[in-house]
Amino acid sequence: MKLQQQRRTFLKGTLAGGAVMAAAGLGLMPSRLALAAWPEAAFHATSLDDALTKVFGSSTLEASDKVVLKAPSIAENGAVVPITVNAEQLQNVESISIFSEKNPTPFVARFNLKPGCVADVSTRVKMGESGDVIAVVKADGKLYSARTNVKVTVGGCGG
Amino acid sequence: MSEVKLRAALKDGKCEVKALMTHPMETGRRKDKDGNLVPAHYIQTVELLHNGNLMMEAEWGGAISTNPFFSIALNNVAVGDTIEVRWVDNKGEKSSGTVKVK
């Protein structure tokens, strides 16, 4: 009886293990990529200050001319606003983040760079209405920022 | 999900990488023509690899435009190296693209 019990337990363990392996093989398990800590609270923050605090632990930003933020002064389509952030003048850039002040949730994106990356990132973002775009660059553990106003003539959040 | 369209070209000693993804990037706030909210569906994590080494990892929200684009440059890249971009969205869907540097 005792032996049978052990065999049962052993079988259960093996079967469960097998199921996990099968799931991983089929791509049902979240990959390392999906498991990375996506900062949900920061993306759900509804004010710029709150978003900054949730991303960086502080909403105090120091403007720096070493962060070059390029955005159109007038965007005809708020659904596609091209943004470029260049921080090549700073050493040891760790991340480049983009915020849109007037969006329902202002945190747009963060690009975490490894050594070997050139601190020059471009992307396209949605803007709900006219307002400031803020770029925040973390370099050597310090925050540097730049902001510019974008006038949106057609909003990008649908509805 | 379709593949990530990728370009990687050497220019002035740097490798310029341009990536274009096909994705609806629904914020979860938009309403369809019947007034129903369209559920959130957007890419959350993007990784850029050079010869298999992670060079950049991005966290995105729904405010990245539909069919997302990004560009970045890398140092120390040679002709024939492999550049890969892969993403995962909030539903766990994923895609990737690979290109050899010209």
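Proteins come first, then strands; the chains are lettered A, B, ... in the order of their sequence lines, and each starts at number 1.
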Pull out the residues in residues 43-52 of chain A that come under 4.5 Å of chain B, heavy atom to heavy atom, sorted by number.
-> A/Phe43, A/His44
For B/Asn67 and A/Arg124, what are the C-alpha separation, side-chain angles and deciding distance, and is it a side chain to side chain contact (heavy atoms under 4.5 Å, CB included)?
-> CA-CA 9 Å; B/Asn67 297 333; A/Arg124 297 169 186 156; over 6 Å; no
How far apart are the closest heavy atoms of A/Thr123 and B/Phe69, and which atoms are they?
-> OG1-O, 2.7 Å
Options B/Gln44, B/Lys18, B/Lys14, B/Met56, ranked by heavy-atom pairs under 4.5 Å with chain A, top entry | B/Gln44
Chain B-proximal positions within residues 108-122 of chain A [heavy-atom distance under 4.5 Å] = A/Val108, A/Ala109, A/Arg110, A/Phe111, A/Asn112, A/Leu113, A/Lys114, A/Pro115, A/Gly116, A/Cys117, A/Val118, A/Asp120, A/Val121, A/Ser122
Establish whether A/Val68 and B/Phe70 are linked, either directly or via other cluster members, by ILVMFWY side-chain heavy-atom contacts under 4.5 Å.
-> no
Working to the nearest 0.5 Å, report the span between CD1 of A/Ile98 and CH2 of B/Trp60.
-> 10.0 Å
Do any of residues 71-78 of chain B have a heavy atom less than 4.5 Å from a heavy atom of chain A, and if so, which, in residue order?
-> B/Ser71, B/Ile72, B/Ala73, B/Leu74, B/Asn75
Do other residues, nucleotides or ligands put more than 12 heavy atoms under 6.0 Å from the CD atom of A/Glu88?
-> yes
Decide side chain to side chain contact (heavy atoms under 4.5 Å, CB included) for B/Ile64 and A/Lys126; before the verdict, give the C-alpha distance in whole Å, the side-chain angles of both, and the deciding distance to 0.1 Å.
-> CA-CA 6 Å; B/Ile64 294 289; A/Lys126 295 175 200 163; over 6 Å; no
All heavy atoms of A/Ala79 vs all of B/Ser65, minimum pair found to be O-OG, 2.7 Å
Is it the side chain or the backbone of B/Leu20 that comes within 4.5 Å of chain A heavy atoms, both, or neither?
-> side chain
For residues 71-93 of chain A, the ring-ring contact (aromatic ring centres under 6.0 Å, His included) pairs (sequence neighbours left out) are none
Go through the atoms of A/Glu94 and report whether side chain, backbone, both or neither lie under 4.5 Å from a heavy atom of chain B.
-> neither
Are B/Val79 and B/Val99 connected, step by step, through hydrophobic side chains (Ile, Leu, Val, Met, Phe, Trp, Tyr) whose heavy atoms are closer than 4.5 Å?
-> yes
